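To keep things clear, I will list the structure first and then write my remarks on it.
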Number of protein chains: 2
Amino acid sequence: MKNKILLVDDDVDILEILRYNLEKSNFIVETASNGIIAIEKALKFKPDLVVLDVMMPEMDGITACEKIRELPELENVIITFLTARNEDYSQIAGLEAGADDYIDKPIQPKVFVTKIKSLLRRRLNTEQNDIITFNDITIEKSKFKVKFQEKEVKLARKEFDLLVLLLSDPGKLFTREEIMNRVWKDDSFVGDRTIDVHIRKLRQKFGENLINTIKGIGYQSKEQ
Amino acid sequence: MKNKILLVDDDVDILEILRYNLEKSNFIVETASNGIIAIEKALKFKPDLVVLDVMMPEMDGITACEKIRELPELENVIITFLTARNEDYSQIAGLEAGADDYIDKPIQPKVFVTKIKSLLRRRLNTEQNDIITFNDITIEKSKFKVKFQEKEVKLARKEFDLLVLLLSDPGKLFTREEIMNRVWKDDSFVGDRTIDVHIRKLRQKFGENLINTIKGIGYQSKEQ
DNA sequence: TCTACTAATTAATTAATTCTTAATCATAAT
DNA sequence: ATTATGATTAAGAATTAATTAATTAGTAGA
């Protein structure tokens, strides 16, 4: 099954170079030249992954990213930014907007394709892999079982969902908003402290070193 | 009945580590160091499951996988790949070649064994096994007979179906919804408490340790 | 068809667990 | 030093399951 990639950049040359390299590696590629077109195309094309330039006319990449993240049809899409090294937009801003990764310009096509593949593989892992391991934690999702240092740990549902989310992509920063959306879904709106309390419980059960707080933004598991 | 595993990798160290761990878990293990030998051994040994390294001399894992899939004698064999995370062969290619799953290197022996077990279990279910055994419970589905500690136990229809479901995949978590769909099928809609009551009856007949409650989600039998 | 029995479901109560909130304390950023 | 944000704790609300008993449905046999 071929993966579909949507490339978004206002520079036609870049679009063509990337398209060429991705197609050579057997991806299906669609392109857009600004954020507004990107969203339209994304809805029709249903890409597995979107590459977004940060600086674009009409609608910049970060805004586009936020919009895409609000679309339920594209729930599982992977988003990665293209950032010029000196761009003032910090990477944190990008991650805050819900991106999964970013790629520095200037782009080296081989590195680019490798990165795309690895991002897709990472998702593949989390989606179809029933077993997640992280240091001495083993999660068997279908069995709802969690082991920590050989011993089985009992988790309540929200704790379990939160842990699975954080470990599904080690090192990725999850914003509070994203955590809210993905663990609490459309549940009645609950206060922010609720997340803290659940983080607390996970830390109690798995030690203080599992989860980092990124103040003002969210949480992440330590890189493996 | 012991399951037979064929390990295929050109790295002798890996073969030995995996062999050791699998044998410890009571599997019968055979090894091969490349795809060509693998096919020969597979034909003689008739393994239940083959673990194939992707990168090997002589014949790579993907090619070997395709060949094995063409052999009618090995129709039901399960194939799983070993893939290095950065290997350029994408896992997608592997699944396309007919693999059932893949395991990332570096391998953690525990995860590896767990995965092998779960793959074998998955197949066990799909085969129509008439007899299910679980600790001191024996079920003969076609005869509608259940024995517990040598004695025959009389079960009502729904009790029987529920027990068979739960034991068809020991340790698997069945959600209430799934139980509803599979035991009550499209029967008139019955309330949630009905499930509880049937669980109760099974616990009365087989003891309190057979079935776990996962609050908010469903039930599971204990792991065997 | 009626009867007697068994099975299945519901209802009602109790029990257990999980989730959320609120209040207070601690810490980092400006 | 002030402010904003997170950590922590404990309490109680809310959810969900266990249990028991009562009711209804289903079935086999006279």
Side-chain angles (χ1 to χ4, degrees), chain A residues 90 92-93 95-96 144 146 152-166 173-222, chain B residues 144-146 152-166 173-222:
Chain A
S90 78
I92 288 172
L95 292 173
E96 221 176 320
F144 202 79
V146 181
E152 195 158 331
V153 179
K154 231 188 123 195
L155 294 187
R157 184 163 47 169
K158 290 275 192 281
E159 286 164 33
F160 182 85
D161 290 348
L162 180 56
L163 181 71
V164 167
L165 178 65
L166 291 172
L173 171 59
F174 292 90
T175 64
R176 281 173 173 274
E177 199 193 340
E178 198 174 351
I179 291 172
M180 213 68 229
N181 289 336
R182 295 181 61 178
V183 175
W184 275 263
K185 311 230 157 85
D186 37 34
D187 276 18
S188 56
F189 295 87
V190 288
D192 252 13
R193 296 302 112 227
T194 304
I195 293 177
D196 303 28
V197 171
H198 281 87
I199 291 284
R200 177 90 250 282
K201 291 193 178 141
L202 290 180
R203 284 176 172 154
Q204 279 175 336
K205 290 180 179 170
F206 300 99
E208 302 297 318
N209 287 322
L210 178 64
I211 299 164
N212 281 338
T213 303
I214 309 296
K215 203 157 175 170
I217 306 175
Y219 297 92
Q220 69 186 161
S221 61
K222 294 259 161 73
Chain B
F144 203 78
K145 279 194 176 162
V146 181
E152 193 155 336
V153 179
K154 231 188 123 192
L155 292 188
R157 170 94 118 276
K158 293 276 193 245
E159 285 166 33
F160 182 84
D161 291 348
L162 180 55
L163 181 70
V164 167
L165 178 65
L166 291 172
L173 170 62
F174 292 90
T175 63
R176 280 171 175 274
E177 199 193 342
E178 199 174 350
I179 292 172
M180 213 69 229
N181 290 336
R182 295 181 62 179
V183 175
W184 276 264
K185 312 226 158 86
D186 36 34
D187 278 18
S188 55
F189 296 87
V190 288
D192 251 13
R193 295 304 110 225
T194 304
I195 294 176
D196 303 28
V197 172
H198 281 86
I199 291 284
R200 174 92 244 283
K201 291 189 177 145
L202 289 179
R203 283 177 173 155
Q204 281 175 336
K205 290 180 179 170
F206 300 99
E208 301 296 317
N209 287 322
L210 178 64
I211 300 164
N212 279 339
T213 303
I214 310 292
K215 203 155 176 166
I217 306 177
Y219 296 93
Q220 68 188 162
S221 62
K222 294 258 160 73

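Everything numeric here is computed off the predicted structure, so don't read it as measured data.
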Item to check | Under-4.0 Å salt bridge between Arg200(A) and Glu208(A) | outcome: yes

Checklist entry - At under 4.0 Å between heavy atoms, what does Thr213(B) touch on the DNA or RNA strands: base, sugar-phosphate, or nothing? => result sugar-phosphate

Checklist entry - Between dT17(C) atom C1' and Asn212(B) atom CG, what is the distance in whole Å? => result 15 Å

Checklist entry - Of Lys201(B) and Lys201(A), whose closest DNA chain C nucleotide lies nearer the 5' terminus? => result Lys201(B)

Checklist outcome for this item: Between CD1 of Ile199(B) and P of dA16(C) the distance, given in whole Å, is 19 Å

Next on the checklist: Expressed as a whole number of angstroms, how long is the span from Ile217(B):CD1 to dT16(D):P?
Outcome noted: 11 Å

Next on the checklist: Taking atom CD as the centre, does Glu152(A) end up with more than 12 heavy-atom neighbours from other residues, nucleotides or ligands that are less than 6.0 angstrom away?
Outcome noted: yes

Checklist entry - Is the phosphate of dT19(D), meaning OP1 or OP2, less than 4.0 Å from a side-chain N or O of Arg200(B)? => result yes

Checklist entry - dA18(D) phosphate, OP1 or OP2: any side-chain N/O from Arg203(B) under 4.0 angstrom? => result yes

Checklist entry - Any side-chain N or O of Trp184(B) less than 4.0 Å from the OP1 or OP2 oxygen of dT9(C)? => result yes

Checklist entry - Is the distance from OP1 or OP2 of dT5(D) to the nearest side-chain N or O of Tyr219(A) less than 4.0 Å? => result no

Item to check | Side chain proximity check, Leu165(B) to Tyr219(B), heavy atoms < 4.5 angstrom | outcome: no

Next on the checklist: Assess the residue pair Arg203(B) and Asp196(B) against the criterion (salt bridge (Lys or Arg N to Asp or Glu O under 4.0 Å)); give the C-alpha distance rounded to whole Å, side-chain angles, the decisive distance to 0.1 Å, and a yes or no.
Outcome noted: CA-CA 10 Å; Arg203(B) 283 177 173 155; Asp196(B) 303 28; over 6 Å; no

Next on the checklist: Would you say Arg157(A) places a side-chain N or O within less than 4.0 Å of OP1 or OP2 belonging to dT16(D)?
Outcome noted: yes

Checklist outcome for this item: Nearest-nucleotide check on DNA chain C, Ala156(B) vs Leu155(A); residue mapping nearer the 5' end is Ala156(B)

Checklist entry - So, does the side chain of Lys215(B) form a donor-acceptor pair with the base of dA16(C) at under 3.5 Å? => result yes

Checklist entry - Please give, in whole Å, the distance from dT8(D) C1' to Ile195(A) CD1? => result 16 Å

Checklist entry - Does the side chain of Arg193(A) get closer than 4.0 angstrom to OP1 or OP2 of dT5(D) through an N or O atom? => result no

Item to check | Heavy-atom pair of closest approach, residues Lys158(A) and Trp184(A) | outcome: CE-NE1, 3.2 Å

Next on the checklist: Just the rounded figure in Å: distance from P of dT6(C) to NE2 of His198(B).
Outcome noted: 16 Å

Next on the checklist: Students often get this wrong, so: under 4.0 angstrom with heavy atoms, is Phe160(B) touching a base, only sugar-phosphate, or nothing?
Outcome noted: nothing

Next on the checklist: Whole angstroms only, please: what is the NZ-C1' distance between Lys154(B) and dA7(C)?
Outcome noted: 10 Å

Checklist entry - Tell me: CD of Glu159(A) to P of dT20(C), nearest whole Å? => result 11 Å

Checklist outcome for this item: Ranking Asp192(A) and Val197(A) by the position along DNA chain D of their nearest nucleotide, the one closer to 5' is Asp192(A)

Checklist entry - Between dT9(D) atom P and Gln204(A) atom CD, what is the distance in whole Å? => result 7 Å

